[in-house]
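One structure below.
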Amino acid sequence: MALTKKGIVEQIQAQLDFPKNKSLETAEFLLELIKTHLEVGDDILISGFGKFCVKEKKERKGRNPATGDELMLKPRRVVTFKCSGQLRDKVNKQ
């Protein structure tokens, strides 16, 4: 099951004993802060969690899988995530 924004708000509310509106405001602020920095191309490094990076993709050849027609894919930016060693160890802990 995926953790949703609603779930994050509920966890902030329960763990920090914040009112619901303050929990929502905190979660919204953090997400907006991350989005704003990614939009301008900044990396986001969260110690013990991982790093979000903005990578530039060049124009490249592609193919429509339905028709097989070749086309040129436009250059674009993508967000990647590399988890920290600590997070990797926790995920792989048995």
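No hydrogens, no waters, no symmetry mates; every other heavy atom, side chains included, goes into these values.
Here the CZ-CD distance, from Phe49 to Gln86, works out to 12.0 Å after rounding to the nearest 0.5 Å. Atom CD1 in Ile46 sits 12.0 Å away from atom NZ in Lys51 (nearest 0.5 Å). In this structure, the separation between CZ on Arg76 and CZ on Arg60 is 6.0 Å, given to the nearest 0.5 Å. Taking CD of Glu59 as the reference point, atom NZ of Lys74 lies at 9.5 Å (rounded to 0.5 Å). Put simply, CD1 on Ile44 and SG on Cys53 are 9.5 Å apart, with the number rounded to the nearest 0.5 Å. Taking CG of Asn21 as the start and CD of Gln13 as the end, the distance is 9.0 Å to the nearest 0.5 Å.
The number of heavy-atom neighbours closer than 6.0 Å to CZ of Phe81, taken from other residues, nucleotides and ligands shown, is above 12. Arg77 CZ: more than 12 foreign heavy atoms inside a 6.0 Å radius. Within 6.0 Å of CG in Asp17 there are 12 or fewer heavy atoms belonging to other residues, nucleotides or ligands.
No side-chain donor-acceptor contact under 3.5 Å links Asp42 to the backbone of Leu38.
Nearest heavy atoms, Phe52 versus Val79: CD2-CG1, 4.3 Å. The two residues Leu71 and Asn64 make their nearest non-hydrogen contact at CD2-N, 3.9 Å. Shortest non-hydrogen contact noted between Asp43 and Val54 is OD1-N, 3.5 Å.
Placement of Ile8 and Leu16 within a single hydrophobic cluster is found when ILVMFWY residues are connected by side-chain heavy-atom separations under 4.5 Å, directly or transitively. Note: the hydrophobic cluster containing Leu31 does not contain Leu45 (ILVMFWY, side chain heavy atoms under 4.5 Å, direct or indirect links).
Between Val40 and Thr36 the shortest side-chain heavy-atom distance does not fall below 4.5 Å. Side-chain contact check for Lys6 versus Glu10: some heavy-atom pair is nearer than 4.5 Å. Within the 4.5 Å cutoff, the side chain of Lys5 has heavy atoms near those of the Glu28 side chain.
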